[in-house]
Amino acid sequence: QVQLVESGGGLVQAGGSLRLSCAASGRTSSRYDMGWFRQAPGKEREFVAAIRWSGVSTAYADSVKGRFTISKDNAKNTVYLQMNSLEPEDTAVYYCAAVSSVSLRINIRNYEYWGQGTQVTVSS
């Protein structure tokens, strides 16, 4: 089992920045691919970004490309999501997730472990 705990959410004005963190514990291994997903009220959970366990490969949703950056620190078992130029449409609960996989995954169904989420609210 892997436990994931997100932090760093909050209220920010449009155009501002936030950095989310996701700390992994338990049966941890640096060889887990990590992803960020988000769910806005009344909407399905959607993919935001993912990073290969090695950190070499990343993937982003079109809606966040150029604004969000995913990174990970294997020594700290932590993955980050730097969010810049935030827009009200980015308001959602953000979840991190982990999967042991042979290739980078962006489909929510592939992910095995999930955190409880952290709220991000962007005011206009």
Side-chain angles (χ1 to χ4, degrees):
Q1 291 293 329
V2 174
Q3 291 79 46
L4 303 172
V5 178
E6 303 94 336
S7 62
L11 174 64
V12 65
Q13 289 188 332
S17 299
L18 281 175
R19 188 178 81 156
L20 305 183
S21 300
C22 174
S25 62
R27 186 184 174 186
T28 56
S29 168
S30 61
R31 297 203 175 207
Y32 276 91
D33 293 356
M34 301 294 291
W36 284 98
F37 295 79
R38 66 187 182 186
Q39 187 166 17
K43 295 187 178 181
E44 293 186 352
R45 195 171 298 187
E46 64 177 6
F47 169 75
V48 175
I51 188 166
R52 196 79 172 103
W53 64 268
S54 62
V56 172
S57 299
T58 58
Y60 295 92
D62 288 343
S63 59
V64 306
K65 279 181 181 176
R67 300 188 299 122
F68 291 11
T69 303
I70 188 171
S71 61
K72 67 196 305 267
D73 185 334
N74 285 338
K76 296 182 178 180
N77 286 325
T78 300
V79 64
Y80 304 98
L81 185 68
Q82 178 65 44
M83 305 185 296
N84 299 328
S85 301
L86 283 161
E87 304 168 351
E89 293 74 21
D90 296 316
T91 295
V93 177
Y94 283 70
Y95 299 88
C96 74
V99 62
S100 178
S101 176
V102 297
S103 61
L104 194 58
R105 304 289 187 178
I106 64 172
N107 191 315
I108 188 173
R109 295 183 180 86
N110 294 130
Y111 281 78
E112 303 170 82
Y113 304 103
W114 291 85
Q116 293 300 307
T118 184
Q119 177 71 47
V120 171
T121 303
V122 184
S123 63
S124 57

Check side chain to side chain contact (heavy atoms under 4.5 Å, CB included) between S103 and all other residues, then give those that pass, not counting sequence neighbours. S101, R105
For E89, what residues pass the side chain to side chain contact (heavy atoms under 4.5 Å, CB included) criterion, not counting sequence neighbours? E87
Do you know which two heavy atoms are closest between A92 and A40, and how far apart they sit? CB-N, 3.8 Å
Tell me whether T91 contacts the main-chain N or O of V122 through its side chain, where contact means a donor paired with an acceptor under 3.5 Å. yes
Would Y32 and V2 satisfy side chain to side chain contact (heavy atoms under 4.5 Å, CB included), going step by step from the backbone distance to the final call? CA-CA 10 Å; Y32 276 91; V2 174; 3.9 Å; yes
Rest of the hydrophobic cluster containing F47 (Ile/Leu/Val/Met/Phe/Trp/Tyr, side-chain heavy atoms under 4.5 Å)? F37, V93, Y95, V99, I106, I108, Y111, W114
Nearest 0.5 Å, please: how far is CE in M34 from CG in N77? 9.0 Å
Rounding to 0.5 Å, atoms CH2 (W53) and CG (N74) come to a distance of 8.0 Å
Salt bridge (Lys or Arg N to Asp or Glu O under 4.0 Å): pairs with one or both residues in residues 43-60, sequence neighbours excluded: D33-R52, R38-E46
What are the two closest non-hydrogen atoms of V48 and V64, and how far apart are they? O-CG2, 3.6 Å
Using the side chain to side chain contact (heavy atoms under 4.5 Å, CB included) criterion, which residues pair with A23? Sequence neighbours excluded. T78
Without swapping roles, check the side chain of K72 against the backbone of G55 for a donor-acceptor pair under 3.5 Å. no
Is there a donor-acceptor pair closer than 3.5 Å between any side-chain N or O of D73 and the backbone N or O of K76? yes
In this structure, would Y60 and L104 fall into the same cluster of hydrophobic residues linked by side-chain contacts under 4.5 Å? no
Quick one: list whatever passes side chain to side chain donor-acceptor pair (under 3.5 Å) with K65, sequence neighbours left out. D62
Please lay out, stage by stage, how L81 and T69 fare under the test side chain to side chain contact (heavy atoms under 4.5 Å, CB included). CA-CA 6 Å; L81 185 68; T69 303; over 6 Å; no
Please assess Q82 against S71 for the test side chain to side chain contact (heavy atoms under 4.5 Å, CB included), listing each intermediate value before the final yes or no. CA-CA 8 Å; Q82 178 65 44; S71 61; over 6 Å; no
Disulfide (SG to SG under 2.5 Å): pairs with one or both residues in residues 43-84, sequence neighbours excluded: none
Listed once per pair and sorted, the side chain to side chain donor-acceptor pair (under 3.5 Å) pairs that draw on residues 5-23, sequence neighbours left out: S17-N84
Are M83 and L20 side-chain neighbours, meaning at least one heavy-atom pair lies under 4.5 Å? yes
Can you check side chain to side chain contact (heavy atoms under 4.5 Å, CB included) on Y80 and I70, steps first, answer last? CA-CA 6 Å; Y80 304 98; I70 188 171; over 6 Å; no
Suppose we screen for side chain to side chain donor-acceptor pair (under 3.5 Å). Which residues come up paired with Q119, at least two apart in sequence or across chains? T121
Applied to residues 36-124, the disulfide (SG to SG under 2.5 Å) test, sequence neighbours excluded, yields C22-C96
